[in-house]
Amino acid sequence: MNAPSPNLLGSLLELAVSTHSTLLGRAVHALILRTHDIPLSSFLCNHLVNMYSKLDRLNSAELLLSLTNPRTVVTWTSLISGCVHNRRFTSAFLHFSNMRRESVLPNDFTFPCVFKASGSLHMPFTGKQLHALALKGGNILDVFVGCSAFDMYSKTGLRVEARNMFEEMPHRNLATWNAYISNAVQDGRCLDAVAAFKKFLCVGGEPNAITFCVFLNACADMVSLELGIQVHGFIVRSRYREDVSVSNGLIDFYGKCGDIVSSEMVFSRIGCGRRNVVSWCSMLAALVQNHEEERACTVFLKAREEVEPTDFMISSVLSACAELGGLELGRSVHALAVRACVEENLFVGSALVDLYGKCGSIEKAEQVFREMPEKNLVTWNAMIGGYAHLGDVDMALSLFEEMSSFGIAPNYVTLVSVLSACSRAGAVERGLHIFESMRGRYGIEPGAEHYACIVDLLGRSGLVDRAYEFIKRMPILPTISVWGALLGSCKMHGKTKLGKIAAEKLFQLDPDDSGNHVVFSNMLASAGRWEEATIVRKEMRDIGIKKNVGYSWVAVKNRVHVFQAKDSSHEKNSEIQAMLAKLRGEMKKAGYVPDTNLSLFDLEEEEKASEVWYHSEKIALAFGLIALPHGMPIRITKNLRICADCHSAIKFISKIVGREIIVRDNNRFHHFKNGWCSCKDYWGLGADVPFTSMGILRQLVLLGSSALDGGIAYFLVVEGGQLLMMSQQGVLIQGWEMCRKCFMGNSAAAASELYQGVSSKDRINQQLEWLWMIQSWKRWRGSI
DNA sequence: TTAGGGTTAG
């Protein structure tokens, strides 16, 4: 056999790089060693160094470099560029200085790499030294070098140097202008970006896909829908009409401007064949940004049919889950993250901490937080927010201190969490102290959310009048949340007169919200002012505000059982009623008195007691007690807030039956155990907006814990009251029994059928999947 | 005849 030519081998190594295949790279390396004499030529060595460093196999690349003779600037630049490519900027500098130690001079290819490294590491002084070196060698005149130096100055915040660099450039090309516009946008100088774009067009420049994307970002940041629409028109007339990345930029732009309909239009225009993972992510992010979390989850499930999940996609959908309180879907997405090896990603990790914190699984949030190799402010905020959610002021404050000891400065969001933790825990003095030191100590101007926290803090602790005085002295206009906090406190402490003031402000600011009307009428009702309460209810009806219908549901085996108030339609109704009667007797003995304040009509006491007694969450709980094995926690979900009576009743029941009961309402989680609730009797005073429609109930995704064990996610989808199982690609698994068999390890055929729905890009991937499968099965068997 | 700049999503 003739030895393959160096050119052919070089091309094969390039192929290995472009397909991210270390396997191919190593195979070609082996072929080279078999067919070529040692020492290898510099040409082949350079290719090998490049291949290994691009594929992030730095040890191999360094070893190859040490064997290369002579080592030229090409050898070194191959290694350095690979480091930069894999964001190993410090290694890039290490090799750069090793190169200089061998007296090898950097060239026009080396400088862009090291400029990028210093820009990314925010090292302006190193950047300046490099600039001096590039001036001395004359490399700065090169358009690539000049552009990357300009980019470095922009990214390290040296605006004057950046501008000088741009103005002194002998040549500018499309990339230079793109870099200019992009940095202007990132710097918040959007008008400058627009001016540059116009100037670029004036000097006869022809924009490309990147120019459009970057420019659309400027439009989105200025929320200039009009300008963006003009650019859209421009794009439609250009040859970038069909360009996927430009379309993705448009989806993002419309999403940021709140025009979700246009985002969807652009998305659907791309079509199935051409849309890529970024298209899906942009669409997903646009929905999340516009608070369409349920649709975002649906889009995510559809995206899974076409593309492999990325860290971007997973973190976006996790934030949708967190907003919805969708612990089950969130857990299955966590499993996907493990499988996709992105669970350590900064954004994914932060989103997981946020999800578990918001869903009340604080131990899980702590675990993810502790295990994250890298944290940023968002991560810390998510964890502090988790403690705030629980009302654990001590943990929230100690983490806040710890964060400062790591040299991380808090921001607006951090202080909202810290203050809300104080208010939930009734830590009035500490809360006020932190609020007063916001400007001086942390340099943060208090915003509406901070004021709302303080109103809540004062009001909740009974200082309702002081809270009102505080509002009157506010330097900014009080928002819905500020008045909402006051109304809630008034209801809590029976301050009807002040409550009326707050309610009237709320009706002005947010006339369509049913929650405010409900809280107000309930406040009047609990003060015995039934006539006025009835008037508010009538007003609500007259202007067409309806109180949302409450549902509670509980999952038992492979079915979700949904209940409404006074529901008697369930097939086990007689057993449910018997259970309720039994509980009622035992609770009465334990000292339970029905809290009828929240039953909404002017009824006799006896009738009111029975109204609250038949709330949907109590019926769901009674059913759970009948249907779920003893010792198993009962998880109930409710689309509205849990009422005070049910909250008190479930505390009693948790002690009587010795069971853990977890109720997830539209606002938060309640973890009942031995007569106590994790919320410490606080569950927010927010509006009574249902967190989920019945639509999502059908889409509700549940997940058995076994799936998390092996990092394999199956979606259990509720459809028509039946639980169905779906693979990650959205393929329906026929028969729950088969899946069970598969986990029992009884049927290899069932397992392989299950796996038909899972795409395997190459054999290695498939083997890994099988490995996961076997491991999870072993772990599952070990646990029973 | 091997190495390079600007890049849409959170």
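In what follows, chains are A, B, ... by sequence order, proteins preceding strands, each numbered from 1.
- Going from atom CD1 of A:Ile210 over to atom P of B:dG5 covers 11 Å, rounded to whole Å.
- Between A:Lys54 and B:dA3 there is no side-chain polar atom (N or O) within less than 4.0 angstrom of OP1 or OP2.
- Scored by the ring-ring contact (aromatic ring centres under 6.0 Å, His included) test, A:Trp280 finds A:Phe267 as partners (sequence neighbours excluded).
- Side-chain proximity of A:Asn107 to B:dA9, B:dA3, B:dG6: nearest is B:dA3.
- In this structure, A:Asn217 reaches the B:dA9 phosphate: one of its side-chain N or O atoms is under 4.0 Å from OP1 or OP2.
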Show me the side-chain donor-acceptor pairs of residues 113-121 of chain A shorter than 3.5 Å, one per line, residues at least two apart or across chains.
from     : atom 1 : to       : atom 2 : distance (Å)
A:Ser118 : OG     : A:Val114 : O      : 3.2
A:Ser118 : OG     : A:Phe115 : O      : 3.1
A:Ser120 : OG     : A:Lys116 : O      : 2.8

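- Ring-base stacking between A:Phe144 and B:dG5 is not satisfied when judged by a centre separation under 5.5 Å and a plane angle under 30°.
- For A:Phe109, the ring-ring contact (aromatic ring centres under 6.0 Å, His included) test picks out no residue, with sequence neighbours left out.
- Summarising the geometry, the separation between CD1 on A:Ile251 and P on B:dT8 is reported as 14 Å, rounded to the nearest angstrom.
- Applying the salt bridge (charged side-chain N to carboxylate O under 4.0 Å, His left out) test to A:Glu161 and every residue at least two apart in sequence or in another chain returns A:Lys128.
- Rounding to whole angstrom units, CZ of residue A:Phe253 and P of B:dA9 are separated by 13 Å.
- Atom-to-atom, CD1 of A:Ile314 to P of B:dA9 comes out at 18 Å; the value is rounded to the nearest Å.
- Residues satisfying the salt bridge (charged side-chain N to carboxylate O under 4.0 Å, His left out) criterion with A:Arg172, sequence neighbours excluded, are absent altogether.
- At whole-Å resolution of the value, CZ in A:Phe115 and P in B:dG5 are 13 Å apart.
- A straight line from CD of A:Glu14 to P of B:dG4 spans 9 Å, rounded to a whole angstrom.
- Whole-Å rounding puts the A:Met152 CE to B:dG5 P distance at 15 Å.
- In this structure, A:Asp108 reaches the bases: a heavy-atom distance under 4.0 Å links it to at least one base atom across the strands shown.
- When distances run from any side-chain atom of A:Ser182 to the nucleotides B:dT2, B:dA3, B:dG6, the shortest one goes to B:dG6.
- Looking at residues 73-84 of chain A, you'll see A:Val74, A:Thr77, A:Ser78, A:Ser81 sit with a heavy atom under 4.0 Å from some atom of DNA chain B.
- Applying the 3.5 Å distance criterion, the base of B:dG5 shares no donor-acceptor pair with the side chain of A:Asp142.
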Let me see the working for A:Glu264 and A:Arg269 under salt bridge (charged side-chain N to carboxylate O under 4.0 Å, His left out), right down to the final yes or no.
CA-CA 8 Å; A:Glu264 283 174 317; A:Arg269 251 191 55 85; over 6 Å; no
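- In terms of modelled atom types and a separation under 3.5 Å, the side chain of A:Thr77 and the main chain of A:Val74 share no donor-acceptor contact.
- What separates CD of A:Gln186 from P of B:dA9 is a distance of 10 Å, to the nearest Å.
- If you check every strand for non-hydrogen atoms under 4.0 Å, A:Ser316 touches sugar and phosphate atoms only.
- Side-chain proximity of A:Asp252 to B:dT2, B:dA9, B:dG6: nearest is B:dA9.
- Using a 4.0 Å heavy-atom distance criterion, A:Lys256 is classed as a sugar-phosphate-only contact.
- If you check every strand for non-hydrogen atoms under 4.0 Å, A:Asn345 touches a base.
- Residue A:Val288 is out of contact with every strand shown, counting any heavy-atom pair closer than 4.0 Å.
- Set against B:dT8, B:dA9, B:dA3, the side chain of A:Ala285 has B:dA9 as its closest nucleotide.
- Of the possible polar contacts, none joining the A:Thr68 side chain to the A:Arg71 backbone as a donor-acceptor pair under 3.5 Å is found.
- On a pure distance criterion of 3.5 Å, a polar donor-acceptor pair joins the side chain of A:Asn173 and the base of B:dG5.
- The side chain of A:Ser148 places no N or O atom within less than 4.0 Å of a non-bridging phosphate oxygen (OP1 or OP2) of B:dG4.
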